[in-house]
Amino acid sequence: MTGQLTTEGMIHVLVADEQVLVRRGVCALLAAEPGIDVIGETGAPEVAMVLVEQQRPDVVLLDLAMFPDDGIRAIQQIVARYPASRVLVLTNAISDDRMLAAIKAGAKGFLLKSCEPQDLVRAIREVRGGGAWLHPAIAHRLLGEISHADHKLPAQDALTEREMDVLRLVAHGHNNQQIADELSICEGTARVHVSNILGKLHLASRTQAALYAVREGVVELEDA
């Protein structure tokens, strides 16, 4: 399905990616695409947020790696402050622990940087039109995680109080260092807690732990 164009007849896109070659390549590709106007590009997190505020793009192509500590928060801020701007995440790998958190934060699409050019264009049009877009490999991974999380798992009372605190932060997309900072513990201790949680709940990844936390009511979906 092809999304509707803006009232000016164009879809205005902001490209925010820390990899210069990728960013310039994307901009060149989109510049040749009818109905799409690249209104800005940047590889700096702080500049990206300023450009979103100033330009109010229809679609923000956002590289999560550009925000090593607060990419999820950046998505939340864009969605909350500028709801007309749709966030389409670009990533190099599907193993990013923040995949589920990015989607729950409000991202409308998730694309691998290795995708075909036409898929990028289609994704932009789809999310601009109110739809969503997941790269097939990402969709497959997410469905696999959900399927695993739906299996009968041990009750959460198997976790200690501190492990429950860590699980909540994992569900919010926090990495080990962010968990350590939040709970005033060292990064190594946070890593051990995460490992213990996965072991006790018979889970294979942080994404599965986040899905478990939502399913079991440890966190609310809108808060995760």
**Student:** Could you tell me whether the side chain of Val26 reaches within less than 4.5 Å of the side chain of Asp17, counting heavy atoms only?
**Tutor:** no

**Student:** Could you state the interatomic distance from CG (Leu51) to CZ (Arg56), rounded to the nearest 0.5 Å?
**Tutor:** 12.5 Å

**Student:** Closest heavy-atom contact between Ser85 and Pro57?
**Tutor:** OG-O, 2.6 Å

**Student:** Just so I know, are the side chains of Leu120 and Leu61 near enough to count as touching, which here means a heavy-atom distance under 4.5 Å?
**Tutor:** yes

**Student:** Quick test of your reading of the model: are Arg168 and Glu163 salt-bridged, counting only N-O distances below 4.0 Å?
**Tutor:** no

**Student:** Verify side-chain contact (heavy atoms from CB on, under 4.5 Å) between Leu159 and Leu201, making sure each step is shown before the conclusion.
**Tutor:** CA-CA 8 Å; Leu159 303 181; Leu201 298 180; 4.1 Å; yes

**Student:** Working to the nearest 0.5 Å, report the span between CG of Asp165 and CG of Leu167.
**Tutor:** 9.5 Å

**Student:** Should the heavy atoms of other residues, nucleotides or ligands under 6.0 Å from CD of Glu161 be counted, would the total exceed 12?
**Tutor:** no

**Student:** Linking I/L/V/M/F/W/Y whenever their side-chain heavy atoms sit closer than 4.5 Å, directly or via other members, would Val50 and Val38 fall into one cluster?
**Tutor:** no

**Student:** Between CG of Leu169 and CZ of Arg206, what distance do you get to the nearest 0.5 Å?
**Tutor:** 10.0 Å

**Student:** Is it true that Lys108 and Glu126 have a side-chain N and a carboxylate O under 4.0 angstrom from each other?
**Tutor:** no

**Student:** Distance check, rounded to the nearest 0.5 Å: Leu30 atom CG versus Glu41 atom CD?
**Tutor:** 11.0 Å

**Student:** Does Asp58 reach the main-chain N or O of His12 with its side chain, forming a donor-acceptor pair under 3.5 Å?
**Tutor:** yes

**Student:** Is the shortest heavy-atom distance from the side chain of Gln177 to the side chain of Asn175 under 4.5 Å?
**Tutor:** yes

**Student:** Run the numbers on Asn176 and Val194 for side-chain contact (heavy atoms from CB on, under 4.5 Å), then give the verdict.
**Tutor:** CA-CA 8 Å; Asn176 290 339; Val194 172; 3.6 Å; yes

**Student:** In sequence, state the C-alpha distance, the side-chain angles, and the governing distance for Met10 and Ile36, and then conclude on side-chain contact (heavy atoms from CB on, under 4.5 Å).
**Tutor:** CA-CA 5 Å; Met10 302 289 284; Ile36 294 180; 5.7 Å; no

**Student:** Ignoring hydrogens, what is the shortest heavy-atom contact between Ala107 and Ile75? Give both atom names and the distance.
**Tutor:** N-CG2, 3.7 Å

**Student:** Is any NZ, NE, NH1 or NH2 atom of the basic residue among Asp63 and Arg23 found under 4.0 Å from an Asp or Glu carboxylate oxygen of the other?
**Tutor:** no

**Student:** If every non-hydrogen atom of Met66 is compared with every non-hydrogen atom of Ala16, which pair is closest and at what distance?
**Tutor:** CE-CB, 3.6 Å

**Student:** Do Met164 and Val192 share a hydrophobic cluster, counting only Ile, Leu, Val, Met, Phe, Trp and Tyr and linking them when any side-chain heavy atoms are less than 4.5 Å apart?
**Tutor:** no

**Student:** With a 4.5 Å limit on heavy-atom distance, are the side chains of Val59 and Val127 in contact?
**Tutor:** yes

**Student:** Which heavy atom of Arg125 sits nearest to which heavy atom of Glu33, and what is that distance?
**Tutor:** NH2-OE2, 3.6 Å

**Student:** Are Ile179 and Val166 side-chain neighbours, meaning at least one heavy-atom pair lies under 4.5 Å?
**Tutor:** yes

**Student:** What's the verdict on side-chain contact (heavy atoms from CB on, under 4.5 Å) for His193 and Arg162, showing C-alpha distance, side-chain angles and the deciding distance?
**Tutor:** CA-CA 8 Å; His193 281 315; Arg162 177 44 61 94; 3.5 Å; yes

**Student:** Would you say Ile124 and Trp133 make side-chain contact, with heavy atoms under 4.5 Å?
**Tutor:** no

**Student:** Would you kindly confirm whether Met49 and Ile39 end up in one hydrophobic cluster when ILVMFWY residues are joined by side chain heavy atoms under 4.5 Å apart?
**Tutor:** no

**Student:** Distance from Leu90 atom CG to Cys115 atom SG, nearest 0.5 Å?
**Tutor:** 7.5 Å

**Student:** Please tell me if the side chains of Glu182 and Gln178 come closer than 4.5 Å, counting only heavy atoms from C-beta onward.
**Tutor:** no

**Student:** Taking all atoms of both residues into account, what is the closest heavy-atom pair of Ala209 and Leu198, and its distance?
**Tutor:** CB-CD2, 3.9 Å

**Student:** What's the shortest heavy-atom distance between Phe110 and Leu88, and which atoms?
**Tutor:** N-CD1, 3.9 Å

